[in-house]
Amino acid sequence: MSRRVLPAFAAGALALSLAACAESERGSGGSTLTFGAAGAPSTFDPFYATDGETFRISRQIFDTLIDSKPGTSEIEPALAESWTPDESGTTWTFKLRDDVTFTDGEKFDGEAVCANLERMFDQNPDGQTAGEYWGSFFGGFKNDAEKDPSLYKSCEAPDATTAVITIDHATASFPTMLSQTSFSMQSPKAMEEGDANGIKAAGEGFTFPENAKNPVGTGAFKLEKYDEANGTVTLARNDDYWGELAKSEKLVFRIIPDESTRRQELEAGSINGYDLPNPVDWNSLEEKGNQVEIREPFNILYMGLNLKDKKFHDLKVRQAIYHALNREELVKSQLPEGATVATQFMPDTVAGYNSDLEPYAYDPEKSKQLLKEAGAENLEMTFAFPTEVSRPYMPDPATIYDALRANLEAVGITVKAVSAPWTAYTDNVSAGKYDAHILGWTGDFNDPYNFLGSFFTEPVANDFKTSNISWGKKLAADLQAADAIVDEDERAKRYEEINGQIMTEYLPGFPISHSPPAIVVDGDTEGLIPSPLTAEDFGPVSVGGE
């Protein structure tokens, strides 16, 4: 099988045990598609989710008002057939499909849309902490709107097929943000009966109400069973789905944390596919008859700095660090074919990309000179990386980290290496516990603010702590102002200017690369359309011969 690249515009014992179990299930009758998941879902309520494995399952159960076109980062109608703004860009009228029901039999209509938005808006303090996507896109919640204003103002349902959503100010991100899985439409009846907002903090996590264990959406599948002991989530086809019925009667997500074990499971025939195969395995997977589908890069890997620490406030220090990084060699030796050296904090497929920017040159001698000029020849830093994870922009964090650390040490910087598993790691980054770290981002949709605003406008952005440096608040204000520009060409031009400033005047961190992540399925599986957003729909996917 040859690799198929989709352009952005179209865009051990454990193994044997799992194999035996899965093979038995797949041979029990009926068409079953089995996918190897890297982790368990954190919840079945996507509003409180933040991780890709949870969203992958939620996306099959729920629908959003707006969706992304298969294989692209562009939007298209979903539960809403159309949407129209008023002249101010703050009142949006959504015309809804009239042939949709939730899997509990309840009708989807304008009142359901408003019930969902009001439920999202009206969260207790623990729900506000858990509802990160609302905070990122809409800002504040109902009970603290005076202190932290919200983009969301109100929702009205004039009739069954209409929802009118009013927002505080015009923004290029709305209504595209409604394509996010977190903002999926759930059955109002199920939310009420399941006490949807009854979330409570419990240690470092949360205790979820019944609604988060019994999801009711309008999607192509519905939850049949979550077998935590055996690590499987089984979905059944929704035979009352408003769109094209799913090709498979069952969709099983088998939780297999280790990537090499997922590969063994695929080769054993006990799963039909898995995400993010190690690039070093792509050729051998294909040679064994599997299909390695390579997504177009829509991501950024970066080295972040904690700018609360004044030792990084001198621009020369930041420039010295960047000149020390041999990114071209890293891309060639550690990243998959098709990866590129980044010149800015977003890929070139996003409007506002500055094509005039050149990559920072790898220049160790210049790095040493800049450190000397800044009086930072004895610079020390705690530099961190995540373990037990593979990300689309970072297939093997440890090897990438080792290369960057060696670069830093080669110019005389003393590096204290630290690491942590993924969840603890991201929490530590947010809390500012590291001087520097490697992290990245896959775009939620095609918009420059989704990249730059997520990095440099606090409190949403917390990787770089830019509010602690002289230009930080200006950068945040400039980004917010650019987001409010209605004219697309004017907005893109302003983002190009801001990208130039970020990379030449500010340099808050260090863009490293863009990587094309892959997803693999066996040779008998058909219909998978790779998504640059890693947001695949499994409804059209079928197992050959079934």
Side-chain angles (χ1 to χ4, degrees), residues 8 296-307 312 315 317-336 338-363 366-367 381 383-386 391-395 397 400-401 403-405 407-408 429 434-444 446-457 461-466 469 471-472 475 479 495-517 532:
E296 190 77 8
F298 195 64
N299 57 43
I300 178 73
L301 167 67
Y302 58 80
M303 176 178 168
L305 288 180
N306 179 359
L307 293 174
F312 297 126
L315 177 60
V317 172
R318 302 195 299 277
Q319 290 173 331
I321 294 172
Y322 209 16
H323 280 301
L325 305 180
N326 192 347
R327 296 179 297 140
E328 184 173 351
E329 176 59 28
L330 185 149
V331 166
K332 288 180 179 178
S333 63
Q334 304 295 341
L335 296 178
T340 58
V341 174
T343 65
Q344 52 210 281
F345 280 94
M346 64 188 202
D348 61 5
T349 49
V350 179
Y353 180 88
N354 190 325
S355 58
D356 293 331
L357 288 170
E358 296 289 337
Y360 254 64
Y362 169 56
D363 192 337
K366 186 171 185 177
S367 175
M381 68 169 70
F383 183 23
F385 70 97
R391 304 303 299 149
Y393 46 80
M394 187 170 55
I400 292 171
Y401 174 85
L404 297 175
R405 180 179 65 173
N407 290 160
L408 297 172
V429 168
Y434 308 132
D435 292 333
H437 57 275
I438 53 173
L439 207 54
W441 181 265
T442 296
D444 294 305
N446 196 333
D447 179 76
Y449 192 81
N450 186 242
F451 284 85
L452 302 181
S454 299
F455 300 147
F456 306 123
T457 57
N462 46 29
D463 283 11
F464 301 89
K465 308 294 186 291
T466 47
I469 199 164
W471 43 260
L475 173 57
L479 288 169
Y495 275 115
E496 289 178 22
E497 295 170 349
I498 294 174
N499 269 314
Q501 287 180 295
I502 290 172
M503 296 308 299
T504 58
E505 299 177 31
Y506 303 149
L507 199 63
F510 316 112
I512 303 296
S513 59
H514 310 287
S515 292

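Note that the structure is predicted; figures quoted are calculated from it, not measured.
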Between [atom1] of [X] and [atom2] of [Y], what distance do you get to the nearest 0.5 Å?
| X | Y | atom1 | atom2 | result |
| --- | --- | --- | --- | --- |
| Tyr434 | Asp463 | OH | CG | 12.0 Å |
| Thr504 | Gln344 | OG1 | CD | 11.0 Å |
| Phe312 | Asp435 | CZ | CG | 4.5 Å |
| Leu479 | Tyr449 | CG | OH | 6.5 Å |
| Leu408 | Leu325 | CG | CG | 5.5 Å |
| Arg405 | Asn407 | CZ | CG | 11.5 Å |

*Verdict with supporting geometry, Met381 and Ile321, side chain to side chain contact (heavy atoms under 4.5 Å, CB included)*: CA-CA 11 Å; Met381 68 169 70; Ile321 294 172; 3.7 Å; yes
_Checking Asp363 now: which residues fulfil salt bridge (charged side-chain N to carboxylate O under 4.0 Å, His left out) with it, not counting sequence neighbours?_
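Counting only residues at least two positions away or on another chain, Asp363 forms no salt bridge (charged side-chain N to carboxylate O under 4.0 Å, His left out).
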*With sequence neighbours excluded, residues passing salt bridge (charged side-chain N to carboxylate O under 4.0 Å, His left out) with Arg391*: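 Counting only residues at least two positions away or on another chain, Arg391 forms no salt bridge (charged side-chain N to carboxylate O under 4.0 Å, His left out).
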Measure across [X] and [Y] and return the closest heavy-atom pair with its distance rounded to 0.1 Å.
| X | Y | result |
| --- | --- | --- |
| Leu335 | Ser515 | CD1-OG, 3.7 Å |
| Tyr393 | Leu301 | O-CB, 3.7 Å |
| Glu358 | Thr343 | C-CG2, 3.9 Å |
| Ser454 | Trp441 | OG-CZ2, 3.4 Å |
| Gly509 | Pro511 | O-CD, 3.6 Å |
| His437 | Leu305 | CE1-N, 4.2 Å |

Is the ring centre of [X] less than 6.0 Å from the ring centre of [Y]?
| X | Y | result |
| --- | --- | --- |
| Phe298 | Phe451 | yes |
| Phe510 | Tyr322 | yes |
| Tyr506 | Phe456 | no |

*Can you find a side-chain donor-acceptor pair between Asp444 and Asn450 that sits under 3.5 Å?*
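Yes.
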*Parallel under 30°, tilted from 30 to 60°, perpendicular over 60°: which one fits the rings of Tyr302 and Phe464?*
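Correct class here is tilted.
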With the side chain counted from C-beta on, respond yes when [X] and [Y] share a heavy-atom pair under 4.5 Å apart, and no when they do not.
| X | Y | answer |
| --- | --- | --- |
| Pro386 | Met394 | yes |
| Pro508 | Ile502 | yes |
| Thr340 | Pro297 | no |

*Mind checking what makes ring pair (Phe, Tyr, Trp, His ring centres under 6.0 Å) contact with Phe383, not counting sequence neighbours?*
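Only Tyr401 meet the ring pair (Phe, Tyr, Trp, His ring centres under 6.0 Å) criterion with Phe383.
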Donor-acceptor contact below 3.5 Å, side chain [X] vs main chain [Y]:
| X | Y | value |
| --- | --- | --- |
| His323 | Tyr362 | no |
| Asn354 | Glu496 | yes |
| Asn499 | Gly352 | yes |

*Determine, step by step, whether Arg318 and Leu307 satisfy the side chain to side chain contact (heavy atoms under 4.5 Å, CB included) criterion, reporting the C-alpha distance in whole Å, the side-chain angles of both residues, the deciding distance to 0.1 Å, and the verdict.*
CA-CA 10 Å; Arg318 302 195 299 277; Leu307 293 174; 4.2 Å; yes
*After noting the C-alpha distance and the side-chain angles of Phe385 and Leu404, does the key distance pass the side chain to side chain contact (heavy atoms under 4.5 Å, CB included) rule?*
CA-CA 11 Å; Phe385 70 97; Leu404 297 175; over 6 Å; no
_CA sep, side-chain torsions, deciding dist, call: Ile498, Leu475, side chain to side chain contact (heavy atoms under 4.5 Å, CB included)_ = CA-CA 8 Å; Ile498 294 174; Leu475 173 57; 3.9 Å; yes
